[in-house]
Amino acid sequence: MALDKTGIAKRIAQELRDGWYVNLGIGIPTLVANYIPEGIDVEFQSENGILGMGPFPFEGEEDPDLINAGKQTITVRNGASFFDSATSFAMIRGQHVQLTVLGAMEVSQNGDIANWKIPGKMVKGMGGAMDLVASAENIIVAMMHSNKAGESKILKACTLPLTGVGCVKKVVTELAVLEIKDGKFHLIERAPGVSVEEIIAKTEGDLVVPDVVPEMQL
Amino acid sequence: MNKVVKDVEQALEGIQDGMTLMVGGFGLCGIPENSIAHLVKMGVKNLTCISNNAGVDDFGLGLLLQAKQVKKMISSYVGENDEFERQMLSGELEVELIPQGSLAERCRAGGAGIPAFFTPAGFGTEVAEGKEVRVFNGKPHILESALTADYAIVKAWKGDTEGNLVFKATARNFNPMMAMAGKITIAEVEELVPAGSLDPNFIHTPGIFVQRIFQGKSFEKRIEQRTVRSKN
């Protein structure tokens, strides 16, 4: 069965490594913080100016001055710090943050990503996404395999305005874990009970499929 | 040097039609609420506003948009504001969307006497159109220019009579860089204290960047996304 959003977050959480600073985007990526594997110490950076983000506050303890980049009320962990936006992006551009997880509307087989604009229809802006994808060494995209119209979002080439070029290394969807290398998608894992045929059918970009595709262990 | 002005009216004196304003804040967090409300009252028009976001429909910079006082917005993310999206898609409002880190650095550069800088953010996207590209360490970068403003309006937690500012938590965000980049910088603070009551070790924005400071009358501090967990 295809994963739900929580499942995608759980699978991405397996990519976390001890000692990493991690920036989580809005939506599914935010959920990754709930599934940090045991024995692993990571710190979450939010680009609006906090390192050491904690869980959501208890009801009645919300502080309007303490939010994440998704404008949600949050708390801090011991050892947290606050800083201005220029310092925040110095951390990001300066590659002091080890992993970026973000959502996307489209990803292409050479690692391009589009996630900020649908010409004539929707313009939300890129926020910090362009800075993040241009600089991060390790970028994982969390998204659904197809859009609401059922069209694949895993493409030979993006059709929407780009956020970054040649930057995405890994994609986790409700169906599969894909790696991008040598200008192709490589099928690494499939969601429990999802067939390789279904993944092939729903992937528009070139997909390299090994003889054995293991199921995700969640 | 005493920077204190009596109230918001005195603080915003001199702001005229067609000027460029920087307005601090991230979403509705750390925005100069009292000043924005007074800009609506003043009715100044054709403003260019540089601010990370555009508020929501009925709060923050959304209030200026509703009143059609803004000619151009320079922001990084405007997703929370339907009126903004409507004005932009219909062409009523001129919009320049730029990567958030570039926006922060352009303000910082403007205040720091750096006319332009190279950044990898936006290379290969429409943000790079018309901008010089140079390769450093094998990686392409685009040239971004500094931003300054006729007036920068920032919001701090505490400020002293000399204009020294301290921000609280993530309400700091764009405020320190914008304070640097305003020809005249106005600081609206929750708590105005006498010089000497803030520890110089913990000043975030030194008073040299602030020309006028006043105590805001009331702060609603609206929360955009109230997210909580239950105690059980």
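Lettering follows sequence order; numbering is per chain, from 1. As the structure is a computational prediction, the values presented were derived from the model and not from experiment. Only this structure's heavy atoms are used, side chains among them; waters, hydrogens and symmetry mates stay out.
- Glu61(A) and Lys231(B) are joined by a salt bridge, as a carboxylate oxygen and a charged side-chain nitrogen come within less than 4.0 angstrom of each other.
- Ranked by heavy-atom pairs shorter than 4.5 Å toward chain B, the options Thr73(A), Ile92(A), Leu162(A) are led by Thr73(A).
- Remark: Arg172(B) does not engage Asp84(A) in a salt bridge, criterion side-chain N to carboxylate O under 4.0 Å.
- Interface remark: of the candidates Met177(B), Arg108(B), His141(B), Met177(B) forms the most heavy-atom pairs closer than 4.5 Å to chain A.
- Results of the side chain to side chain donor-acceptor pair (under 3.5 Å) test with Arg226(B) over Gln72(A), Glu59(A), Glu62(A) single out Glu62(A) as the only residue that passes.
- Rounding to the nearest 0.5 angstrom, the gap separating the CG atom in Asn173(B) from the CZ atom in Phe83(A) is 11.5 Å.
- In this structure, the side chains of Lys71(A) and Phe26(B) come closer than 4.5 Å at one or more pairs of heavy atoms.
- Looking at Glu190(B), only its side chain comes within 4.5 Å of chain A, counting heavy atoms on both sides.
- Neither the backbone nor the side chain of Asn81(B) comes within contact range of chain A; no heavy atoms are under 4.5 Å apart.
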I'd like to know whether Asp65(A) forms a side-chain contact (heavy atoms from CB on, under 4.5 Å) with Lys221(B), so could you lay out the CA-CA distance, the side-chain angles of the two residues, the decisive distance to 0.1 Å, and finally the verdict. CA-CA 8 Å; Asp65(A) 290 323; Lys221(B) 290 199 183 184; 2.5 Å; yes
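- Side-chain atoms of Glu85(B) come within 3.5 Å of backbone atoms of Val123(A) as a donor-acceptor pair (strictly under, hydrogens ignored).
- Within the 4.5 angstrom heavy-atom criterion, atoms from both the backbone and the side chain of Leu66(A) approach chain B.
- With a 4.5 Å cut-off on non-hydrogen atoms, Ile98(B) touches chain A through its backbone but not through its side chain.
- For Lys217(B), the NZ atom counts as loosely surrounded, since its 6.0 Å shell holds 12 or fewer non-hydrogen atoms of other residues, nucleotides or ligands.
- Across all their heavy atoms, Asp131(A) and Ala121(B) have their closest contact at OD1-CB, 3.3 Å.
- For a residue to count as touching a neighbouring chain, one of its non-hydrogen atoms must lie under 4.5 Å from one of that chain's; by this rule Val95(B) does not touch chain A.
- Within a 6.0 Å sphere centred on OH of Tyr21(A), heavy atoms belonging to other residues, nucleotides or ligands number 12 at most.
- Ranked by heavy-atom pairs under 4.5 Å with chain B, the list Val165(A), Ile67(A), Ile50(A) is led by Ile67(A).
- Of the possible polar contacts, none joining the Thr227(B) side chain to the Phe56(A) backbone as a donor-acceptor pair under 3.5 Å is found.
- Residue-environment remark: CG (Asn201(B)) exceeds the threshold of 12 foreign heavy atoms within 6.0 Å.
- Trp116(A) places a side-chain heavy atom less than 4.5 Å from the side chain of Glu126(B).
- Between chain A and the options Ala54(B), Gly79(B), Ala128(B), Pro99(B), heavy-atom pairs under 4.5 Å are most frequent for Pro99(B).
- Under a cut-off of 6.0 angstrom, the local environment of CD1 in Ile208(B) is sparse, with at most 12 non-hydrogen atoms contributed by other residues, nucleotides or ligands.
- Inter-residue side-chain proximity for Met126(A) and Tyr77(B) is flagged as unmet; no heavy-atom pair is nearer than 4.5 Å.
- A donor-acceptor contact shorter than 3.5 Å is absent between the side chain of Thr170(B) and the backbone of Gly49(A).
- Of the residues considered (Ser76(B), Ser75(B), Gly122(B)), Ser76(B) shows the highest number of contacts with chain A, using heavy-atom pairs under 4.5 Å.
- Both the backbone and the side chain of Ser102(B) come within less than 4.5 Å of a heavy atom in chain A.
- Closest approach of Thr125(B) to Thr163(A), counting heavy atoms only: CG2-O, 3.4 Å.
- Note on Gly60(A), Ala134(A), Gly127(A): by heavy-atom pairs under 4.5 Å with chain B, the leading option is Gly127(A).
- Only the backbone of Lys121(A) comes within contact range of chain B, with heavy atoms under 4.5 Å apart.
- The shortest side-chain heavy-atom distance between Arg229(B) and Pro57(A) does not fall under the 4.5 Å cut-off.
- Options Asn68(A), Asp63(A), Val133(A) differ in how many heavy-atom pairs under 4.5 Å they form with chain B, and the most are formed by Asp63(A).
- A 4.5 Å side-chain heavy-atom check between Met130(A) and Val127(B) finds at least one atom pair inside the cut-off.
- In this structure the side chain of Gln100(B) reaches within 4.5 angstrom of the side chain of Glu47(A), judged on heavy atoms.
- In this structure, the side chains of Asn48(A) and Cys29(B) stay at 4.5 Å or more apart for every pair of heavy atoms.
- The backbone N or O of Pro64(A) sits nowhere less than 3.5 Å from a side-chain atom of Arg222(B) that would complete a donor-acceptor pair.
- Among the candidates Ala90(A), Ser88(A), Ala69(A), the residue making the largest number of heavy-atom pairs closer than 4.5 Å to chain B is Ala69(A).
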